[in-house]
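Computation of the quantities below employed the complete heavy-atom set of this structure, encompassing side-chain atoms and omitting hydrogens, waters and symmetry-equivalent molecules.
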Amino acid sequence: MGELRLMKGNEAFAEACIRAGVDAYFGYPITPQSEVLEYLMSQKPYETTGMVVLQAESEVAAINMCYGAGGAGFLPVTSSSSPGISLKMEGVSYIAGAELPLIILNVVRGGPGLGDIQPAQSDYFQATKGGGHGDYRLYVLAPSSVQEMADFVLIAKEMAFKYRNPVMILSDGIIGQMMEKVELFDPIPRRTIQEVEKQAPWATTGKKANRERNIITSLDLDPLKQEQHVYHLRDKYSQMEREDVRFEEISTEDAEYLLVAYGSSARICQKAVDLAREEGIKLGLLRAITLFPFPSKRLAELSNQVKGMLAVEMSLGQMVEDVKLAVNCRVPVEHYGRTGGVIHSPVEVLEALKSKIIK
Amino acid sequence: MTEEIIIAGFGGQGVLSMGKILAYSGIMQGKEVSWMPSYGPEMRGGTANVTVIISDERISSPIVNVFDTAIILNQQSMDKFEKTVKPGGVLIYDPNGITRHPSRKDIKIYSIEATDEATNMGNTKIFNMIVLGGFLSVKPIVKLENVIKGLEKSLPARHHKLIPMNQKAIEVGMELVKEYMG
């Protein structure tokens with residue numbers, strides 16, 4: 001058993017980055033994720049693992065530092081909260097186009113604009129359907145506990161290199177700010193320069209006499225070549241959908257109704273399932289762990305079993321669109337959720353299920 | 001056993017750190033715990049509250065809207081949280097600064113004059129540990145030895161010399177809390 005600690009989600013993420021052998025962190029403070037940078041600075045990993053920790057002059061600077069580090073074959077991490085993530089989106093699009101590894105943490109707060117500093121889930125569209133310009137996707141993981149804020153760093157690292165693609169960990173102000181018991185995995189050493197060169201032969205690690213020049217770019221002015229490049233990206237996204245969909249099911253075996261949720265809403269829904277079962281309502285929960293690729297196939301299967309689904313998210317209804325696409329009108333699908341930084345309670349979720357789905 | 005607790009008061013009263021010490025004590029006793037804060041952008045003043053859940057089982061929602069115990073440390077929190085205590089639940093409050101005392105008949109109400117006692121003891125910072133003592137007297141869900149271990153875990157080593165004083169404050173609070181008869 002690993003080391004047991006009581007930590008905030010943000011701190012657990014930061015500690016996991018050090019332990020996962022991340023090469024560099026570039027960020028800029030913003031509530032409710034500032035503990036990531038604060039924790040890294042307090043731990044000084046640059047004195048132990050050699051991991052760079054740098055507070056950039058802005059979010060735009062931070063994401064472009066990530067672009068540079070990724071281009072050299074390193075694994076960079078950045079983190080922010082909603083308005084800060086918007087500022088980073090240009091860079092994210094470039095990094096996706098240039099096919100570089102990167103882990104981005106978004107600790108979502110209420111929006112739009114500066115919004116407020118309370119938890120929200122209203123950045124789903126931005127995370128899963130673009131945000132930046134162009135035909136690209138991020139691999140998006142949604143942790144629902146402090147433990148997963150730590151553990152998902154390892155999955156993110158694996159996916160970032162498997163697909164040479166940015167990975168977003170879409171968290172929120174609840175998971176970032178709450179403290180829970182967390183069991184930390186044992187530290188993994190950072191790669192040596194030789195290991196970086198071996199793992200990333202495409203990277204700009206210094207041109208050797210016996211190989212061609214490596215070029216990191218997202219630009220190709222020949223539309224036919226650019227089209228081939230985008231088709232190549234599409235093939236990666238298809239592979240993610242085939243090989244790396246993640247989800248969890250709770251009480252679905254005999255479920256007549258289904259909640260679909262992710263992140264902190266999934267925790268709230270778990271309690272709603274308990275409350276419903278006490279009343280004799282056969283309610284289950286599908287928790288999406290990857291938001292892209294979305295667990296559409298499993299939802300389609302479940303639509304043959306249940307009478308209706310309620311997508312629960314702290315937004316006006318974003319993920320609900322993916323649920324509807326997956327279910328393809330076989331059963332009614334509705335949305336419930338508070339927004340703007342207000343958190344719905346398990347009782348409110350159950351009431352919404354009764355009024356919108358069970359009727 | 002699942003105990004859902006709200007601790008609410010002003011920022012700067014030690015609300016969040018009391019919750020953290022309680023949560024760490026739960027871990028030391030082998031329980032599942034969650035600590036969910038809610039506060040504004042202010043460093044001091046403003047209202048702060050924290051939901052702590054201690055359970056034998058995996059905790060589903062860290063957000064709940066009714067509580068087994070409410071620990072209330074200012075009037076705004078009284079107005080907001082008295083009604084959120086489950087029937088048969090517990091409300092503990094410090095009457096200092098309270099103008100409208102709790103009035104529910106279906107819950108158990110305790111008062112603890114922790115502000116005054118902390119002043120008497122010559123250290124207003126141990127206020128929150130006196131309150132914690134009061135809670136543990138009413139709801140002995142964690143043993144004192146595990147609270148001390150929790151203090152050791154949550155305080156940096158350079159502050160460990162303050163643990164005996166905190167322990168004293170907890171013990172004082174255990175004696176000080178009394179049932180409120182209205």
B/Lys20 versus chain A, heavy atoms under 4.5 Å apart: side chain, backbone, both or neither?
-> both
May I ask you to name which of A/Lys271, A/His344, A/Arg5, A/Lys8 has the most heavy-atom pairs under 4.5 Å with chain B?
-> A/Lys271
State whether the number of non-hydrogen atoms from other residues, nucleotides or ligands found under 6.0 Å of B/Ile163 atom CD1 is greater than 12.
-> yes
Chain A heavy atoms under 4.5 Å from B/Ile53: which part of the residue, side chain, backbone, both or neither?
-> neither
Distance from A/Met179 atom CE to B/Ser34 atom OG, nearest 0.5 Å?
-> 10.5 Å
Below 4.5 Å from any heavy atom of chain B, which atoms of A/Asp274 appear? Answer side chain, backbone, both or neither.
-> side chain
Option in A/Ile174, A/Asp116, A/Val347, A/Val146 with maximal non-hydrogen atom pairs under 4.5 Å from chain B = A/Ile174
Please flag which part of A/Ile268 lies under 4.5 Å from any non-hydrogen atom of chain B: side chain, backbone, both or neither.
-> both
Pair B/Phe135 and B/Tyr110, ring centroids less than 6.0 Å apart | no
Are the aromatic rings of B/Tyr180 and B/Tyr93 close, with centres under 6.0 Å apart?
-> yes
A/Ser122 and A/Gln318: side-chain hydrogen bond (donor to acceptor under 3.5 Å, both in side chains), yes or no, with the steps?
-> CA-CA 7 Å; A/Ser122 40; A/Gln318 301 190 8; 5.3 Å; no
